[in-house]
Amino acid sequence: MATITINYTANYLGDHRVCYRQVGTTNYCCLTDTVSALGPQTFIIDFAVLADFCDGTADEVVVTVETDCGPYSYEGYIQPDCEVLGSPNNRTLWTADFTTTPSCLAYIITCESAGVASITVTEPDGGMVAVPGVTITGGGGAGATAIALMRTYTAGISISAAGAGYIIGEQVFITGGTGSVIQLQVATLGGGGSIATFIVISEGLYSVLPGTVGVASTASGAGAGATFDILYSLAAVTVTAPGDDYTSAPTIGFTGAAPAVPEAFALLLACDDFTTPSCGATATVGLEVGQSSVFCDTTGTPVLADDGYDVVADPAVTCCGCSEITAVALGSGEVIPYIYYTDAVTHDVVYLDNGGAGYMTTTPGSQILLGPLGDQPSVEAIPNSWGAAPGYNSNFVVIAVACS
């Protein structure tokens with residue numbers, strides 16, 4: 001609530017007009033204070049209350065109340081109602097530097113948890129004869145599931161029966177299983193058009209294996225009867241359900257893969273993007289797990305549909321003021337200038353990604369281009385509202401000075 005408290009001494013009983021205006025404007029607006037006893041008085045100008053009358057206007061209006069950080073100077077006078085409106089007589093003058101409670105409040109938005117986005121195979125290993133089960137443990141969350149996809153490899157497939165009637169270059173396809181099939185090409189022949197050697201054209205990709213011993217095949221030509229012994233390795237792991245509430249990447253394990261020991265790691269989803277009013281503008285915010293952003297909102301503490309977000313008011317950060325921030329490289333090499341900040345003018349949350357150009361080469365002490373398009377060496381930001389996504393930007397520092 002925006003108010004100014006006026007303390008004055010009354011020398012007359014009855015109604016007094018308490019008039020006010022913002023310094024630099026023309027007309028006063030007035031409220032009525034009824035004095036029932038002489039002496040010290042306290043009167044509160046409440047900007048949410050309609051003025052009783054305003055000089056020079058036909059209608060009752062409300063004096064403009066600034067809703068940013070101010071301060072703004074107001075002036076006015078107290079005068080007995082028996083004086084003619086507009087009379088300069090018996091006025092007690094006052095001035096006040098009025099700082100409103102900002103309508104834009106600062107909040108910290110933190111992406112605390114999310115589901116599993118993907119699983120990357122780092123060690124496929126080999127020699128497996130069954131599709132292993134995938135285990136997803138740890139990370140603080142639950143509900144993520146995944147399946148393994150298998151392939152063969154050059155050393156993992158051998159002839160068990162050579163067949164007959166094949167020609168060099170003929171295509172041979174392993175039958176059975178679920179997925180994309182293993183494809184071979186006849187390289188050399190034995191007697192009767194039997195397959196002596198072959199080339200692996202496609203290693204296949206299976207969720208259900210076609211078999212391991214004496215697996216049948218078909219051919220693109222007249223050849224027939226060739227069977228193969230096949231061993232498999234881990235080709236990929238596909239997430240079938242992301243789960244939720246993971247605060248860090250879970251551990252990926254495998255069951256039934258012996259004697260092979262494949263390895264893989266998980267990546268988490270980002271929290272869902274959300275759009276929020278940002279002090280007269282609209283900001284879209286999307287964060288990764290562990291990343292926080294400070295932004296200003298007019299509507300109170302935001303309620304986000306994505307339960308992975310944590311939202312808290314931040315009394316240490318103000319939506320007022322201005323800092324000029326500059327990103328400076330600490331060393332040579334490639335730097336990802338992925339910084340976010342809250343613009344001091346629009347109060348929008350801005351994400352800097354070098355205009356989509358990604359990496360940029362730096363030398364020690366060089367300034368990284370900032371701005372929404374990565375086109376300027378510094379930007380004006382609300383104090384303490386900037387940061388960098390975890391895992392990025394390890395090779396620079398943000399320097400802040402007060403805006404001139």
I'd like to check [X] versus [Y] (side-chain heavy atoms, cut-off strictly below 4.5 Å). Are they in contact?
X    : Y    : answer
Y340 : S292 : yes
Y246 : V289 : no
L13  : L38  : yes
L231 : Y153 : yes
V186 : I167 : no
I382 : D343 : no

If you apply the rule side chain to side chain contact (heavy atoms under 4.5 Å, CB included), what do you find for I182 with V215, and how did you get there?
CA-CA 11 Å; I182 298 168; V215 182; over 6 Å; no
Can you list the steps and then say if L209 with I230 is a side chain to side chain contact (heavy atoms under 4.5 Å, CB included)?
CA-CA 10 Å; L209 298 181; I230 307 172; over 6 Å; no
Check for a donor-acceptor pair, side chain of [X] on one end and backbone N or O of [Y] on the other, with a separation under 3.5 Å.
X    : Y    : answer
S366 : A329 : no
Y309 : D272 : yes
T326 : S378 : no
D125 : V261 : yes
S194 : A162 : no
T247 : G139 : yes
E83  : N90  : no
D229 : G214 : yes
T227 : A161 : yes

To the nearest 0.5 Å, how far apart are [atom1] in [X] and [atom2] in [Y]?
X    : Y    : atom1 : atom2 : value
L31  : I45  : CG    : CD1   : 6.5 Å
Q41  : T92  : CD    : OG1   : 11.5 Å
F228 : T152 : CZ    : OG1   : 11.0 Å
C19  : L93  : SG    : CG    : 11.0 Å
L149 : Y232 : CG    : OH    : 13.5 Å
R151 : S233 : CZ    : OG    : 3.0 Å

Among residues two or more places apart or on two chains, list those pairs meeting side chain to side chain donor-acceptor pair (under 3.5 Å) that have a residue in residues 31-40.
Y8-D33, D15-T34, T32-D52
Contacts satisfying side chain to side chain donor-acceptor pair (under 3.5 Å) that involve residues 178-190 (not counting sequence neighbours) are Q171-Q183, Q171-Q185, T188-T197
Quick check on side chain to side chain contact (heavy atoms under 4.5 Å, CB included): which of I325, V379, V294 does W386 satisfy it with?
I325
Shortest non-hydrogen contact between [X] and [Y], atoms and distance:
X    : Y    : value
I199 : A187 : CG1-CB, 4.1 Å
A196 : I159 : O-CD1, 3.7 Å
A144 : V116 : CB-CG2, 3.7 Å
A270 : L287 : CB-O, 3.4 Å
A117 : L268 : CB-C, 3.6 Å
Y166 : S217 : OH-OG, 4.2 Å

Acceptor/donor pairs from residues 249-259 side chains to any protein atom, 3.5 angstrom cut, sequence neighbours excluded:
none

Matching residue for Y28 among Y74, W94, Y20, Y77 - test: ring-ring contact (aromatic ring centres under 6.0 Å, His included):
Y77
Give the intermediate values and the outcome of side chain to side chain contact (heavy atoms under 4.5 Å, CB included) for residues V131 and Y206.
CA-CA 9 Å; V131 179; Y206 295 96; 5.9 Å; no
Regarding C271 and C111, I want to know if their SG-SG distance comes in below 2.5 Å, which is how I'm defining a disulfide.
yes
For a side chain to side chain contact (heavy atoms under 4.5 Å, CB included) check, start with the C-alpha distance between F43 and H16, then their side-chain angles and the critical distance, and finish with the verdict.
CA-CA 11 Å; F43 184 80; H16 288 59; over 6 Å; no
